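Accompanying notes for the structure given below.
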Number of protein chains: 2
Amino acid sequence: MVLLVHHPASPFSRKIRLILSEKKMLFVLKEELPWALSDDALKLNPAGSLPIFVFDGKVVAGNYAISEFLEEANPDEPLLPKKIQDRAETRRLVEWFDDKFYREVFTPIVAEKIYKRFSLGESPNARIINSGLNNLAFHMEYVDWLAERRNYLSGEAFSLADIAAAAQISIIDYLGDVPWEGYKNAKIWYSKIKSRPSFQDLLKDSIKGILPAKHYANLDF
Amino acid sequence: MVLLVHHPASPFSRKIRLILSEKKMLFVLKEELPWALSDDALKLNPAGSLPIFVFDGKVVAGNYAISEFLEEANPDEPLLPKKIQDRAETRRLVEWFDDKFYREVFTPIVAEKIYKRFSLGESPNARIINSGLNNLAFHMEYVDWLAERRNYLSGEAFSLADIAAAAQISIIDYLGDVPWEGYKNAKIWYSKIKSRPSFQDLLKDSIKGILPAKHYANLDF
């Protein structure tokens, strides 16, 4: 059995779910709270982070290790280009979203609106959320710029860069915080991603205690 | 020409320098301040982060993209094991240091002691530094635990995991903040890493305005 320990508000969990679906692998999901992992999950990943991938009793833990592992183990449905230099461009953008977008946009918005509320029972800090929303405008401009010049974010083909971006953006979109109207090319790109079979499962996601924005699951948004 | 835009207090710059040296590649270093990148550097890497790798007029930017690029471009001196499952274990530990150690230890200590002082001209916050030092004790225990069981951090052979760990730890050690005495196996591991030819250049590093701890460059520390 292939198992993914995940949470619907964990962008790296979403990233790995999308990779698994794109690679047409069957898997079972097990939900854990990122801020209160069970002892079982901590045993699987002492780093205490999600997602955790388990297959045939073996464990691969962490966003970076799992995504590279799946690419090496299932090269038939590649999510990285063939040429080494093109792969570097895809990975540059993966890091852009996994690291920069995550720090500058995801953390201030989602840590305040979801983690702080449900893990600490505290009210979100509007100043911190606003800094995340300001940073989001800069990142949306960059996505829009890329999407205007390229078919997909890192080039002509759909890749891990699109997955890393959509994993983060889809959670912000669940909260209704993505200003699509100002970014036509980014919107066209996201509607292509949203239409992929791999994305349908994410559009049915439900984050406990928070209703999705009305347009969240609509292909026409 | 092969150029690396770097800073001696940037752990990801140190990581790539170690990889380049282990792969016996010749390169030229160009120093930039991480908190005040020049316009030239920002043009090479719009993410605004170090390091940046330039060869034959082509650019690879970011820790993740550069390290995987160098492994693919120079497979003769491998820093990842052959078996896919072993590669996942190495990458799990790379992520441990690049992400978890960096957030929990490096940032509170080095951002306060170096970045804050030189970029903002402010005094370091002792409470934040102490939280980093407390977290460091936990991480040293983990390194010690791994080093007791394995020849190198991710298994029998030297790998990218050792490089990622040593890149972070060596900067904390420059500041004199690593409590080696409590962690015998970690100390033996670090002395092995410190003795490697690839490490000698790092031991000559000088971070402007801060003298290295007395033992920093000693192999017997």
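Everything quoted here is computed from the prediction, not taken from an experiment.
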Ring geometry between A:F12 and A:Y102 (parallel below 30°, tilted from 30 to 60°, perpendicular above 60°): tilted

Euclidean distance, B:I84 CD1 relative to A:L70 CG, rounded to 0.5 Å: 10.0 Å

Test item: A:Y174 and A:I210 side chains (from C-beta on) under 4.5 Å apart, heavy atoms: yes

Interface residues of residues 118-134 of chain B facing chain A - non-hydrogen atoms under 4.5 Å apart: none

Point-to-point distance, once rounded to the nearest 0.5 Å, from CG of A:D162 to CZ of A:F199: 10.5 Å

Chain A-proximal positions within residues 20-40 of chain B [heavy-atom distance under 4.5 Å]: none

Distance, nearest 0.5 Å, that separates CG of B:L160 from NZ of B:K15: 5.5 Å

Indicate every side-chain donor-acceptor pair of residues 141-150 of chain A with a distance under 3.5 Å to a residue at least two apart or in another chain.
| from | atom 1 | to | atom 2 | distance (Å) |
| --- | --- | --- | --- | --- |
| A:Y142 | OH | A:R92 | NH1 | 3.1 |
| A:Y142 | OH | A:R92 | NH2 | 3.1 |
| A:D144 | OD1 | A:K184 | N | 3.4 |
| A:D144 | OD1 | A:N185 | N | 2.9 |
| A:D144 | OD1 | A:A186 | N | 2.8 |
| A:D144 | OD2 | A:N185 | ND2 | 3.4 |
| A:R149 | NH1 | A:W145 | O | 3.1 |
| A:R150 | NH1 | A:E89 | OE2 | 2.9 |
| A:R150 | NH1 | A:L153 | O | 2.8 |
| A:R150 | NH2 | A:E89 | OE2 | 3.0 |

Heavy-atom pairs under 4.5 Å with chain B, option from A:P46, A:A47, A:A73 with the top count: A:A47

Close contacts, residues 50-68 of chain B versus chain A, judged by heavy atoms under 4.5 Å: B:F55, B:K58, B:V59, B:V60, B:A61, B:G62, B:N63, B:Y64, B:A65, B:E68

B:R14/B:D205 ion pair, N-O < 4.0 Å: yes

Gap between atom CD1 of B:I169 and atom CG of B:D177 - 0.5 Å precision: 12.5 Å

Atom pair CD/CG of B:Q168 and B:L136 - distance to nearest 0.5 Å: 11.0 Å

Rounded distance [0.5 Å steps], OH in B:Y152 versus CD1 in B:I193: 6.0 Å

